[in-house]
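Every chain is numbered from 1 and lettered A, B, ... according to where its sequence line falls, protein lines coming before strand lines.
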Amino acid sequence: MPELPEVETVVRDLRPAVVGRRVVAVRHGAKRLRRPWDPAWNDAVAGRQVGGIRRRGKWIVVELQTPPPNPLPRGGRGDRTNHPVLVPPPPAGEGVRGWGLFPNPRLVVHLGMTGQLTAAPAADPEPDHLHLTFALSGGTELRFRDVRRFGSATLYPDEAAVEAGFGDLGPEPFGLDTGYFRNALAGTARNLKAVLLDQSIVAGVGNIYADEACSLAGLHPGRRADALTRAEADRLRESVEAVLTAAIAGRGSTIRDYVGGSGLRGEFQLAHRVYGRTGEPCGTCATAIECVRLAGRSSHYCPACQPDSPRRARKAQRSPG
DNA sequence: TCGGCCCTGGGG
DNA sequence: CCCCAGGGCCGA
């Protein structure tokens with residue numbers, strides 16, 4: 001479900017709802033996700049404070065930290081010793097070791113196809129397919145729900161481990177270096193669709209926005225990447241950035257399951273040019289949108305605006321419309 | 001580099 | 001019943 005714009009919307013929604021709060025308790029379901037949740041992680045998380053939340057590609061990183069000591073009441077120094085320490089100590093038993101092994105815990109979440117990460121009042125009824133619940137101070141719960149269980153939630157001990165976990169994840173698509181993108185395209189015989197879906201080339205683009213970017217760029221998604229001219233490659237890079245920016249502004253696309261961090265659906269599906277519009281008239285030239293299978297995924301395009309060969313592309317370039 | 005697979009549910 | 005679905009990983 002969620003590509004970069006959806007994940008970005010989740011993160012922006014969650015930030016004001018969770019940052020600064022402490023994790024009071026962790027609950028997890030029995031069914032395993034892509035990566036099973038290790039129950040030992042509960043102790044590493046409980047008592048910590050949410051320091052921040054951010055996005056990387058389609059991944060969500062929740063930054064946890066050891067909460068600072070409570071501010072001491074003003075007044076005489078006597079208070080300093082008498083005041084009870086309200087910061088909960090690490091859980092008993094192996095808890096001390098649990099905190100020690102996770103100095104700067106990072107909760108890394110991937111939403112897969114149907115994952116939902118939301119902040120909700122603890123009093124709200126629990127939905128079905130709920131796999132993880134973080135009860136936060138102030139009565140808010142951070143909930144991870146996922147019908148198909150292609151998503152995952154993993155705890156890493158620190159930033160270095162997160163980076164290692166990301167492996168060869170490519171750069172963010174915003175402000176992407178022109179030369180880098182040209183070279184990436186020139187270096188492979190795969191089609192544009194496959195390249196745009198490849199997270200090691202650019203992070204965050206999925207099936208919807210790959211199609212939308214090709215449409216915006218006027219390029220057939222089946223074109224060989226290494227056959228693009230420099231101008232075409234640059235146009236594609238700009239189109240990826242433009243469509244993602246517009247989609248974030250529209251709070252992402254809800255086809256079926258996607259909701260943002262506050263449970264709201266996206267709006268950008270209403271602005272799709274080609275995705276999910278097979279048979280409908282192209283908004284530019286009224287030709288019927290077509291759908292083919294590329295890189296194992298449904299791929300939508302306008303056969304008139306997105307010519308399938310470089311030769312026809314050059315022709316269309318000379319006489320647009 | 002590609003297909004199959006992991007899952008559940010909705011629609012034809 | 002069949003096929004389809006915002007993704008990623010693993011093995012041929």
Side-chain angles (χ1 to χ4, degrees), chain A residues 1-11 29-37 55-60 108-118 127-131 144-154 165-170 173 184-185 187-215 221-222 224-226 240 243-244 246-248 250-261 264-279 291-300:
Chain A
M1 100 191 213
E3 308 180 26
L4 186 151
E6 291 75 32
V7 176
E8 179 66 26
T9 302
V10 168
V11 165
K31 291 192 172 179
R32 64 166 284 162
L33 303 165
R34 171 175 287 281
R35 298 269 314 268
W37 177 263
R55 178 195 59 73
R56 174 80 172 90
K58 301 176 191 173
W59 299 85
I60 298 166
V108 176
V109 175
H110 196 289
L111 300 178
M113 292 280 262
T114 54
Q116 301 174 337
L117 191 66
T118 58
D128 56 356
H129 300 108
L130 184 65
H131 299 106
F144 181 49
R145 172 175 189 267
D146 187 356
V147 171
R148 289 177 72 182
R149 288 188 277 133
F150 286 175
S152 67
T154 308
F166 284 152
D168 63 350
L169 188 63
L185 293 174
T188 179
R190 297 140 83 201
N191 60 45
L192 297 182
K193 185 62 178 278
V195 171
L196 289 174
L197 291 177
D198 186 339
Q199 302 298 296
S200 74
I201 293 178
V202 177
V205 178
N207 205 36
I208 293 176
Y209 301 108
D211 282 4
E212 293 297 312
C214 286
S215 166
R224 266 180 67 141
D226 59 6
V240 167
V243 77
L244 294 177
I248 290 170
R251 297 185 47 81
S253 304
T254 296
I255 305 303
R256 172 169 291 160
D257 302 286
Y258 167 72
V259 295
L264 263 52
R265 296 161 63 85
E267 307 285 346
F268 193 71
Q269 67 279 2
L270 303 172
H272 288 177
R273 300 161 53 95
V274 290
Y275 184 85
R277 299 203 176 282
T278 309
C291 181
V292 294
R293 201 120 194 121
L294 292 171
R297 319 291 296 275
S298 295
S299 304
H300 313 72

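- At the heavy-atom level, A:R190 lies under 4.0 Å from the strands shown only through sugar-phosphate atoms.
- Taking atom P in both B:dC7 and C:dG11, one finds a spacing of 16 Å when rounded to whole Å.
- One C1' atom belongs to B:dC6, the other to C:dC1, and the distance between them is 22 Å to the nearest Å.
- Counting only distance, with no hydrogens or angles, the side chain of A:E267 and the backbone of A:S253 share no donor-acceptor pair below 3.5 Å.
- Taking 4.0 angstrom as the limit, A:R293 places a side-chain polar atom (N or O) nearer than this to OP1 or OP2 of C:dA5.
- No donor-acceptor distance shorter than 3.5 angstrom exists from the side chain of A:S215 to the backbone of A:D211, with no hydrogens or angles considered.
- Distance OH (A:Y258) to C1' (C:dG7): 16 Å, rounded to an integer number of Å.
- Between A:N207 atom CG and A:H300 atom NE2 the span is 7.5 Å, to the nearest 0.5 Å.
- For A:A194 and A:R32, each mapped to the nucleotide of DNA chain B holding its nearest heavy atom, the one lying further toward the 5' end belongs to A:A194.
- The nucleotide range of DNA chain B contacted by chain A, defined by atoms under 4.0 angstrom from heavy atoms of the protein and reported 5' to 3', is B:dT1 to B:dG10.
- Rounded to a whole angstrom, the distance from the C1' atom of B:dG10 to that of C:dG8 is 23 Å.
- A:G206 comes within contact range of the sugar-phosphate backbone alone, with a heavy-atom separation under 4.0 Å but no base atom that close.
- In plain terms, the two heavy atoms of A:K58 and A:V7 that are nearest each other are O-CG2, 3.6 Å.
- Across the protein-nucleic acid pair, A:L169 atom CG and C:dG8 atom C1' stand 12 Å apart, rounded to whole Å.
- A:V11 pairs with exactly one of A:R55, A:E6, A:R56 by the side chain to side chain contact (heavy atoms under 4.5 Å, CB included) rule, that one being A:R55.
- A:Q116 places no side-chain N or O within donor-acceptor distance of the main-chain N or O of A:T114, the cut-off being under 3.5 Å.
- For A:D211 and C:dA5, the CG to P distance is 11 Å, given to the nearest whole Å.
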query = Passes side chain to side chain contact (heavy atoms under 4.5 Å, CB included), A:V205 versus A:V243? Steps please.
reply = CA-CA 10 Å; A:V205 178; A:V243 77; over 6 Å; no
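- Each of A:R148, A:R145, A:R149 was evaluated against A:H129; a single residue qualifies, A:R145, per the side chain to side chain contact (heavy atoms under 4.5 Å, CB included) test.
- Within the nucleic acid shown, A:Y275 comes within 4.0 Å of sugar-phosphate atoms alone, with no base atom in reach, counting heavy atoms only.
- Among the atoms of the strands shown, only primed sugar atoms or phosphate atoms (P, OP1, OP2) are found under 4.0 Å from some heavy atom of A:T188.
- Taking atom CZ of residue A:F150 and atom C1' of nucleotide C:dG8, one finds them 9 Å apart after rounding to whole Å.
- Nearer the 5' end of DNA chain B, as judged by each residue's closest nucleotide, is the contact made by A:R34, out of A:R34 and A:H129.
- Rounded to whole Å, atom C1' of C:dC4 lies 13 Å from atom CG of A:D257.
- Atom CD in A:E3 sits roughly 13 Å away from atom P in C:dA5 (whole-Å rounding).
- Among the nucleotides C:dG8, C:dG7, C:dA5, the one closest to any side-chain atom of A:Q199 is C:dG8.
- Counting only Watson-Crick and G-U wobble pairs whose two distances sit under 3.5 Å, DNA chain B takes part in these stems of three or more pairs: B:1-6 with C:7-12, B:8-12 with C:1-5.
- If you run side chain to side chain contact (heavy atoms under 4.5 Å, CB included) between A:L185 and each of A:I201, A:L196, A:L192, only A:L192 comes through.
- Atom CH2 of A:W59 and atom P of C:dG7 are 13 Å apart (whole Å).
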task = Run the numbers on A:H272 and A:I255 for side chain to side chain contact (heavy atoms under 4.5 Å, CB included), then give the verdict.
result = CA-CA 11 Å; A:H272 288 177; A:I255 305 303; 4.1 Å; yes
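- Across the protein-nucleic acid pair, A:L33 atom CG and C:dG7 atom C1' stand 14 Å apart, rounded to whole Å.
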